[in-house]
Structure formats: C-alpha cells, structure tokens
Student: 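Structure below; questions to follow.
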Amino acid sequence: MTATAPVTAPLQVVPPAQDVRLRLYRMMVEMRDFEKRAYDLFLQGLVKGTSHLGIGQEAVAAGFGMAMRPEDFTFATYRGHNHTLARGVAMAPVMAELMGRQAGLMAGKGGSMHLTSVAHRMMGSYAIVGAHLTVANGAAWSSKLRGTSEVTVCFFGDGASNIGAFHEALNLAAVWHLPMVFVCENNHWMEYTPIASVTAVAHPAADRAPAYGLTPVTVDGNDADATYEAATAAVEHARAGGGPSLIEAETYRHGGHSRADPGTYRPNDEVQEWLARDPIPLYRGRLIAAGVSEAVLVGIEQTSIATVDAATEEAKASPPPDLSIIESDVFTGEGSSWRR
Amino acid sequence: MTATAPVTAPLQVVPPAQDVRLRLYRMMVEMRDFEKRAYDLFLQGLVKGTSHLGIGQEAVAAGFGMAMRPEDFTFATYRGHNHTLARGVAMAPVMAELMGRQAGLMAGKGGSMHLTSVAHRMMGSYAIVGAHLTVANGAAWSSKLRGTSEVTVCFFGDGASNIGAFHEALNLAAVWHLPMVFVCENNHWMEYTPIASVTAVAHPAADRAPAYGLTPVTVDGNDADATYEAATAAVEHARAGGGPSLIEAETYRHGGHSRADPGTYRPNDEVQEWLARDPIPLYRGRLIAAGVSEAVLVGIEQTSIATVDAATEEAKASPPPDLSIIESDVFTGEGSSWRR
Amino acid sequence: MAEMTFREAVARGIAQEMDRDPSVVLLGEDIGAAGGVFKATAGLLEHFGPERVFDTPISEQAILGAAMGAAMTGLRPIAEIMFSDFFAVCWDLVVNQIAKTRYMSNGQVALPLVIRSSNGAGVRFGAQHSQSVENWAMAVPGLKVVAPSTPGDVVGLLAAAVRDPDPVLFFEQKSLYATKGEVPDHEIVGALGKAAVVRQGGAATIVALAAMVPRALAAADELEREGIETTVIDLRSLVPLDVTTIATSVAETGHLVTVEENPRLCGWGAEVSSIVAEENLFDLDGPIVRVTTPHVPIPAADALEDAALPSVSRIVDGVKRSLQ
Amino acid sequence: MAEMTFREAVARGIAQEMDRDPSVVLLGEDIGAAGGVFKATAGLLEHFGPERVFDTPISEQAILGAAMGAAMTGLRPIAEIMFSDFFAVCWDLVVNQIAKTRYMSNGQVALPLVIRSSNGAGVRFGAQHSQSVENWAMAVPGLKVVAPSTPGDVVGLLAAAVRDPDPVLFFEQKSLYATKGEVPDHEIVGALGKAAVVRQGGAATIVALAAMVPRALAAADELEREGIETTVIDLRSLVPLDVTTIATSVAETGHLVTVEENPRLCGWGAEVSSIVAEENLFDLDGPIVRVTTPHVPIPAADALEDAALPSVSRIVDGVKRSLQ
Ligand SMILES: Cc1ncc(C[n+]2csc(CCOP(=O)(O)OP(=O)(O)O)c2C)c(N)n1
Ligand SMILES: Cc1ncc(C[n+]2csc(CCOP(=O)(O)OP(=O)(O)O)c2C)c(N)n1
Ligand SMILES: [Mg+2]
Ligand SMILES: [Mg+2]
C-alpha cells in the first residue's frame, strides 16, 4: 500500500554546463515562489475555485522545459503552472488567470486548470485525466506530416496510467513512430489514494513501456540534472526520428492534491523522507559544491521573489473580465451564436 | 504488415480423456454446421442485418466452453454464435434470433451481435469493441463478493487490445484479483486491417500481460486439445483464488469479417496456410490416429447436420415478433414509459 | 428530525440502504479512505468495511463495467463518477451497455444499479468540471434520471434509486453540497417520477431542477413583491418525468417557464416545453420561456461563471416575458 | 452533372477538398486500404497516398485526439468514427476537449476539423449500431452539426465543413448510403446553417433531417392526395440552426411537425418545438407535433426496426394531429 521507493538516477557522467545549471535553478526557484504565492492568494480568497500545485515536483518541469526548443510543444495537466512557466510564459498573466481577472492568460475563461499559451507552444493544460495524451499525439503527428523537427512533450500523473486514453495514446504514438515524449510524473498519489493500491505494477508508467514496444525509463524526478539529462536524450531521440519515449519521473508533491487539502492522508515518514529530498535545496547544495557562489544563488532567489511580487501586483490591479466575453470564442468570429 | 506466425502450443503431455475429446469434436462440428447454415440463410435473405462468423475459430470456443462449469459466466463479442452454443444454448432460438423471429433467443430485439442466455450464464454478446471486458470484471467481482467459486471467461478479438477499455479492465482485474479469464482470439485481422499494422507489439494481448502483472500465455487456437488444456488451467487457477489470466489464442477466421465480405484483402498464401490448419479436420485426424472409429465421427457429423436442419425449420416456422414488444423491457415492468 | 447538509444526506442515504440490504456495495475514486472529494461518502468505509466500499483506479469505464456486471449477477452497486463531466470518458458503458442491455436481452438481464455524480457549476472549477449533463442521460432510453434539491430528497430519492430495478443516474448538484435542510431520523424512501409543487401561485408555472430550485423560489419571492404569484415545481426526476404535475399547473396558470443550468440547446427544458406545446397548447396564454445558461462552456472566473448561469433576475425577466 | 450514390458523394466531397488543400488529411478505422466499411472513402488512399490517408487501430479516443492535436497545429483533419454509436467511447474528446478548447483558451486555439460518422437505423444492425446521436452533439456548445439528405448536399456540406474554422460533426445516415442523386461536376461548396425548403404548401410545416426528409416528402405526397398541402424543410444543419426559415414557414402555415429518427426525449425536434413555442407562439394554430422513434433502443429484427422508426403513415397522422 505504500508508495514504491524512488529509483535513483545514475550519477551524472557529464553534468550540464554551469549556465544551464543556473538556469535550471532559477526556473525551479521561480516556480516554487510563484506557487507559494498562489497558495497564499488562495487562502486570502483571491484565487478562486481550485488550483493544483506542483511544489516538490519542480525538477521535472525545469529539466524538461530546459531540454525543449522554442518550436517544441508542451501538453500538461491541471497541475500545469510549472510547465507553463517553463515555456517562458510571464507570471503576471498566469497569476491573473488564477485570480479570474481580465489580464489572465485566457482572460479568466479557462482558469488554473487550463493554462494555455499558444505563442509559447504551451498547447494547453487539460483537466480530464489522460485525454491530453491523445491530443499531444496529434501535435506530434502534425509535426511529422508537416516535415518539421518539432517535438511534443506531454506530462501526466501516475494516476493517468490506468485510464484507457493512456493506452490508446501510447500504442498509436508507437505505431506511427511519433516525435513524442510522454512524461509520467509519478508523485505516488492520485488525489487521496496511493497509486500502488490501484495499479497492477510497481511502476505505473515504466512497467507498461514494453506493452508499446518502448524501453522502460525511470528517472529521479527530484534531481534536475537527472531530469534534464533524461529529457535531452528523449527529446533529441524524438527529433532525430527515433520515435516516442515514455519516461517515469519519481517525485512527490509536498502539499495536498488541490486547494487547501493538507494531504494528511499520507504516512508521515513518507512525507518526511521526500521533504528531505526537496529538489530545490538539493540542487542548491550541489551548485555550491560545484563552486557556485552563495551570492549568485541569493541573487537568483531575490530576483525571483521580486518577479513574483510584481506579477502579483499586476494581477491584482487587473479588473474582472468584461462580461461580454462569456459569449465570445465558442466559434471563430461568431461568438456563441448557434442560429441563423 | 503481415500477421505474426502463430505460436505452436507445446505437445500435450496428457491429452484429454476420450469422452472429452469426442465432446470437443461434437461442439466444433455443430458450431461449424450452424454457422455455415447461417451464412446460407444470409445469402437467401433470411438472416437480415449483419452476422459475424467464427468459422475457423471453433477450437477456442469449444476448448473454453468445455473447461467451464455450468455456474461460470461467459461474455462474448458480436462474433459470439460459437460461444453461445458452447454454453449449451439450443440452436433453434439462436437461429431464430438471427432471422429476427418471435422464437429468437431475445425475440428479435438483440440480433446476431447480442446473443444472451442468462439461464446458461451466457451473459451477453457485445458489439462495442472492448466494453464487455469491463462488464465481465463486474460479474467476477460479484462472484467473489458473494463468496462463490464462479469464474468468468471473457472473449475478445486482437483488435480489442488497442482500445482503452481493455487496459482499464485488465488493470482492475489484476488489482482486485478477480476470478477472470480474458481470452484474446487473435485472428490477425480487425475487420479489413491486419492487426500487426496498428499494434506496437507482435502479440497484441500476450505482450501486454506484464503491464498488468500477468504472465504472457499464448496457445494454438486451432488445436482443441491445446485450448482445452490452457482453458482448464486458467479457469481452475481463477477458481482457486489465483486471480485473472490473459490468454492469447492464435487463430484465423476462414471467411470475411461479417455478412458477405469475401475477405479478399488478405494475402492468399496466408489464407491457404491457415485453411490447411482448419481446427476441425485437424482434430478429426488426431482422433482417428488415437483410435476413434470413423463411424463414431460420422455419427457425430450426421447428428450435427440433423440438429441444424431441425433448428432451421423451427426458426423458419416462427413468425416475426409481435410489434408490441418494441416498447417492452426498456424498464422493468414498465415497458418504455418515461412519464408519470 | 436533524438538520444536515446535502453532502451529509448523501452518506446518510447510502448508509440507510447499505444497512438494509447487504447486496448494496459502493465503488469509485477516492470514495473510501478519503470519504469522497466532496466528502459525500465520509464514514462509509469505516462503517461498512472494505468488503463493501471500494476505492478504484482512475478508470471510469472499469468502474461502470464493474457496476454493471455486478448488477447483472446479484448485487446492487452504487458507483460514483466523481464529476459528471467524466461521464464523457465512460459514456459507452452508460448509453450503449447499461441503458440497452435489459432491452437487447428481452428482459433477461436486470440492472439494479445507481450511478451518483456531482453535477453542475457554481464553484469556479472551469469548463471541464462544471457541466450540467443530466439531459445527456435523459436523451438515452433505458436510464432513469434523478436530481434532488434538498437534503431530505437526497435521502428519499437515493433510497428509491437503490431499490429501483433499473439503472438510475443520480445527479448531485455540487453547488448544493453545503446547503442544509431538515431530515427525519427514521427510514425515508421517496418515489422516482414525482415532482414537488414547492410553491403555489396562479400567474405562472416555473419548473426547475436541483440548484435552480432555490433560485426559482427566490425569483418567486421577488415576483410576489411585484404582485405576481407563481407556482414553483421542483422536478426532482427527469425520467420518469412527472408530466401530470406540470400539465395540471399549466392548465391553471396558462404560463410556463423552465429554469435549467444546462446550455441552451436540447436541455430538459426543451423537452418539457415541447411536451406542453404538443399536449397542452391551448392552455397557454403566452410563450413558453426557457431560462438557461447561454450555449457556451462554463467559464472559470467567478465573475464570468456567475453571469453565465441563470440568475434570480433572469428568472424574473423570464416569467415576465412569459406573461406578455 | 453526374448521378452518384450518397456513399460516392462522400468520397467525391473529400477528394474535392483534399485536391484543393494539402493540409487536409484523413484518419480512421479501415478507411484506407479497405475504403471504409461503407465504402464511403473508396479510392482515397490510392489517390492521395499513405502520407494523407491513415488507417488506425481500434482506438477512437486516439483517433479524435490525433485529429484535435493536428488541427491545433496547422492541419485540417477529417476523422471517421465508423458508427456514431462509437462516439460514446470517445465522447470526452468530442465534448470536453474539441468542443471547449477554443473557448477555454480564449480563442488562442482554432480547431478546423471534421468528424464524419455513419448515423441512424434502418439496416438491422441492432441497438449498438443504429442510434441517431446528432442531438447528443447539438446539446454541446462548441460543435457544429450537419446531416445532409442528398448526394449533392453531401458534397457541398462536406466542403463547407472542411473549410469551416471550427469543429464540425458530419452525420451520414447509413440508410441513405445507397440512395442516388445528381451532383454537378464542378466544385461545390455549400453553407452551414441553411435549411432547404424542399416542398411548398400552406397547410403545415414539416421539418425533417437526413433519412427523414424523403419520408417527410412521401408523407407530403400522401397528404396532398387528401388535399393537404404541406411545406417540407430539410434542416441539413442543426448547429448553426436555420431558425429563420422555420419561423418564416410557421408564420405562413400556423402548424409545425418535426420528424426525427431520435428516441423521444430531448431530440432536436424538442429544441425546434420549444424555440417556436417561445418565439412564435402566437403564429401557431395548433399543437406542435413531434414524430420520433419511441423512447426505446433500436431493436434488431427487421419487423421491429421498421415499426419503431417514424413511418410515412405516422408522419401523415402527425400532420393531421397538428391540424386539429
Ligand atoms: C477522467 C478523470 N477522472 C477523474 C478525475 C479527477 N481527478 C483529478 S486529478 C486526479 C488524480 C490524478 O492523479 P495523477 O494522475 O497521479 O496526477 P497528480 O494529481 O498526482 O498530478 C483525479 C482522480 C479527472 N479529472 N478525470
Ligand atoms: C469501439 C468500436 N470501434 C469500432 C468498432 C467496429 N468494429 C467492429 S468489429 C471490428 C474489428 C474487431 O477486430 P477484433 O477485435 O480483432 O475482432 P474480430 O472481429 O477479428 O473477431 C471493428 C473495428 C466497434 N464495434 N466498436
Ligand atoms: Mg499522482
Ligand atoms: Mg481479429
């Protein structure tokens, strides 16, 4: 019934260059600060509805985001704030979207669970578990048919591995040899139920890879060097025409599933074990050990907070959306009109 | 693009007892004669709509049917005539159902694709690919909760292995340790498309078994001794509380997918190779070699034809259904009434 | 008599039936140990044990398949589909299998099962978690469809649904979970297909369902202040549909307004309207007005969501239009 | 001008658009090498090659996901769902993803795609292969819904659907595949949302769709023999809905009858009826009659199926009832 032990990634043979590592660190710190602020705003009643934080899972979003080129496509779940920021989307419109403001990334029509920024090739966050794996295939198929070298990366949770759409998507991607990277963020819980209690295999994604003719890959999802390395390999494999990959990144969410859920259903020692492996202090320590100065890191951290502060103010300053948009964009150029 | 070579079952260590073998032969012959007649009646315009024949696949239906106890449950697909007969359902109501007559097994309301005889624990034939795997689980779950030793056997095609419901059903059966036997009749074609061209693995079912913590099992689906042995092992494993099995029986349909489809899209040498391995002459030869007299076999064959003839006449004698039943049995005891 | 919330009433209603009938079992995602994401099944695992309450993987087709197969073979399962939007991932089990199997088998197969689901908007969950889909079910022969508006009706209609021999889809409007009402302490068993006249008035008939019932009542209050007395009917059940209660009221008032959360096209309001336009046309003294959400997905932002749903003032306007 | 079957018109319409626009691609089960189970895509693989015509596994969610993702990124896919009953296994992709993504993204994402599907009864395929589900789609905001009744309209409306910037569900009534009609040789492009008045008469307005159009015309012939002249409107498109044409005709005739293959509850006939009951009530001189299949699954036997569907005589009766 308890979650399986994480697979430790092999020690890096060649660590990423220092500028890459600093960017990875910056990304993770910004994600963390952004989401901590979102949580505060939720408690203050300024973020309405629901929101699903990826606190603890930043090394996955950062490692993959860093390995992608601007022309590549991202598909994410409702737990998609970090993946959105990883593509370079500015914080203010994301924060404003969480707050239901006019300046929101989708002007408030989508909400936290559906962050989308086509300009950044962040092709959407999807809230029906599993569905977007099939949609991501479509982008990859299109890339292939259009003769481009774009790669599509699709993130999903451990729980998604048991829904039918997962199976259909993986098989089609393999048969059509699509430039796809499927990334299962195995945080060991699907809402309030441990994945191990409802899954026939220990590694919900990796143990299914052979069912699609794919190689099982697990990676330490709390180690940004490891995720970056695995991401680079899979993304470039896809770009080179090698077909899809399925990667299982073992990680953990520090908080609850959504909103104010305290996550108390999880065994305390499990939580403590994972908190001790928080990807951000872990990476910070590694950078210091590699000779990065404390001042550089503090600089990153201070800039991050300032960025989040500014984004928060900008979002707060935005009014609620104009009600006229309720009936816009159901159809192209025709609003919601269904009659002639 | 061509279908994978069938896996040859290991030579029987202990062949079934002679009376079992004779019953297996009788079942196969009756199935074949029944379906050949159904096809004739289709060409005569007496079987309306569609029907999907299992000619060539009888050794699967017979081997499993023989291994089941009366209390066990069967779930089948639209290609379910043989599985229905294998549970002891009389031919006449099945034929009458194909012909849309009052005496039909479901009085004409279901048709060829939905044969059901709850009295024989033939729990239905289902025409949406994959769905019934999940329903079969429910019967097995119920057997377990009710503390019985009933086993559920669910038949499906190779093509069904790529639909989401397959994945969900297999995982749940494994997690809940259900008394289920999933039988994939791999006839190498899904309608007009070869399964190998749309599937990421060579054995669409067996190669997926490990994804559900199950052992891959393939069996020569044209050898009734082999299917009976595999069936007995899996059914008794389930009955003993050993949980589900997934068996891939390699076989071939001699004719087209449905109705008057001549099946000409298939490579001729592939068809010839499989016709040469027709399960019925194959088994007949084996029985003769084992010392069964020609007269006994001819007796079985003549009785079979006589039974089919009688069933045909009985079905033909039945009038069309009374139109009043159109509005019965949407709801229990209330017909189709949706208003108060 | 105890005051309880709508969500507590769900657990109370299920417990009543599980106590009575050992063949009633529960399954769904996060319904056991966690007591459900809306806490509507809180305490049931503790009380009835893991032999009768089952947490499932995220496999909605497998959930409904298990419920169906179990119902075919002697159990009375209550399955949860966490949000009614997720019916879309298991719609085949609902419409092609569960709804049709009794009919196709010519009555050989009975399917006494209940599928509960949180339905509707109002909690800022966005377009994929806020739909009202009860009319998807209404359109499919073979399904009974229920949507209570009060804690008392939750208990009574759940009992009726569990005891019914046919599949019942039980919609719990999620904006109602926190609302409260009095529920008698003894066993309660309601009846499917009986609407409740929750307010009497001669000027017009307002027909509403689930979360629209309190809104219709608020609109009736407002209309009363302007001297317009209306009848409010809480439909409670779409299949069976209590056509008699509606027709009787329209014969008295001559005016009909339907109020539903559904988007504009093909909702149950259209069905009710067209029944009256076919069977009671000459009772009408004015147009039949449907108040609905516009034909749009539900937007996430609070300001947008509130403005999209039928409001008290839109209902008031609708009644006035019907009185033209 | 050439005479061709409805099924040939499908292939002709697709070929016209594939010839014109290289971003149009096809996918579905058995559509390529086999030319489709109804032979409605025969010859397209040969003509356009495997770079544009794709046979898929039996994975309807994967099919529609692929179509959606491709439409988001520059292609114009035409996906086939072999039987419209199978929409139930991929309904999530249709209603939660394809229908809502443009809206949720505030217009960032465009989804120019077409989903074709064989729809309806009449060929003795039983309850899981005979449903008319066009109103399932009509009820969901974000989808356009088309169902032609003639080979000429097949070509024109397919072209319009492919060129439309939004998702279009294109229903091909399977009992029409073998029917024939004249189709001009030059490029044809129709318009979504324009009904066709296919017969003029002052006594009543009959609104029909797809396979019910020829039946409505046959009923009109029969009524004419009794001296009752009717207007028959071929709706052709449910979204957008040509309310203007219906309302104009009802204003002239004062009587409305809808004819649909759908089971009784919540079909498009209810929507049309309730629009008229809201917007044109005082034009009516009699009840609005809906002729539908009863609220039952479609039975398999030929005798039962024929009796369940709206027949010419039931349409005739319906018109007479509307004239009361
Ligand atoms: C089809 C479907 N079923 C159920 C849900 C409700 N739900 C939302 S998130 C979630 C848990 C998902 O777990 P996992 O895939 O591990 O992702 P995580 O939330 O851990 O990131 C569930 C059950 C849903 N959104 N969609
Ligand atoms: C969900 C679904 N998709 C498509 C079909 C149409 N269809 C009916 S049978 C069939 C082929 C099935 O192949 P397989 O599973 O190998 O079974 P076989 O017919 O060979 O016995 C298809 C595609 C269907 N009935 N259901
Ligand atoms: Mg998880
Ligand atoms: Mg096959």
Side-chain angles (χ1 to χ4, degrees), chain A residues 1 4 128-135 137 140-141 156 158-178 180 182 184 190 193-217 242-246 248, chain B residues 1 3-4 128-135 137 140-141 156 158-178 180 182 184 190 193-216 242-246 248:
Chain A
M1 286 306 240
T4 55
I128 306 288
V129 166
H132 67 302
L133 279 75
T134 69
V135 184
N137 269 347
W141 181 48
F156 57 98
D158 44 284
S161 70
N162 291 325
I163 199 160
F166 166 89
H167 181 67
E168 296 191 12
L170 267 290
N171 183 62
L172 193 75
V175 172
W176 285 3
H177 210 68
L178 298 177
M180 275 298 313
F182 293 100
C184 176
M190 31 164 286
T193 300
I195 187 68
S197 71
V198 294
T199 310
V201 289
H203 286 100
D207 289 347
R208 266 90 180 244
Y212 313 105
L214 302 176
T215 309
V217 180
S245 304
L246 172 58
E248 181 171 328
Chain B
M1 287 306 238
T4 55
I128 305 289
V129 166
H132 68 302
L133 280 75
T134 70
V135 183
N137 270 347
W141 181 50
F156 57 96
D158 44 284
S161 70
N162 290 325
I163 199 159
F166 166 89
H167 181 66
E168 296 192 11
L170 266 290
N171 183 61
L172 193 74
V175 172
W176 285 3
H177 210 68
L178 298 178
M180 276 297 314
F182 293 100
C184 176
M190 32 164 285
T193 301
I195 187 68
S197 70
V198 293
T199 310
V201 289
H203 287 98
D207 289 347
R208 266 89 180 244
Y212 312 106
L214 303 176
T215 310
S245 304
L246 172 57
E248 180 170 330

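Numbered from 1 within each chain, the chains take letters A, B, ... in sequence-line order.
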Student: Report the residues that fulfil side chain to side chain contact (heavy atoms under 4.5 Å, CB included) with B/Ala206, sequence neighbours left out, ordered by chain and then residue number.
Tutor: B/His203, B/Pro216, B/Thr218, B/Glu248

Student: Against chain B, work out which of A/Asn162, A/Val201, A/Asp207 has the most heavy-atom pairs shorter than 4.5 Å and name it.
Tutor: A/Asn162

Student: Is there a side-chain contact between A/His167 and B/Asn171 in this structure, where contact means two heavy atoms from C-beta onward sitting under 4.5 Å apart?
Tutor: no

Student: If the condition is side chain to side chain contact (heavy atoms under 4.5 Å, CB included), which residues does A/Val217 pass it with, not counting sequence neighbours?
Tutor: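 Applying side chain to side chain contact (heavy atoms under 4.5 Å, CB included) to A/Val217 gives A/Ile247.
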
Student: Out of B/Ala174, B/Ser161, B/Gly164, which one racks up the most heavy-atom pairs below 4.5 Å with chain A?
Tutor: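 Heavy-atom pair counts peak at B/Gly164.
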
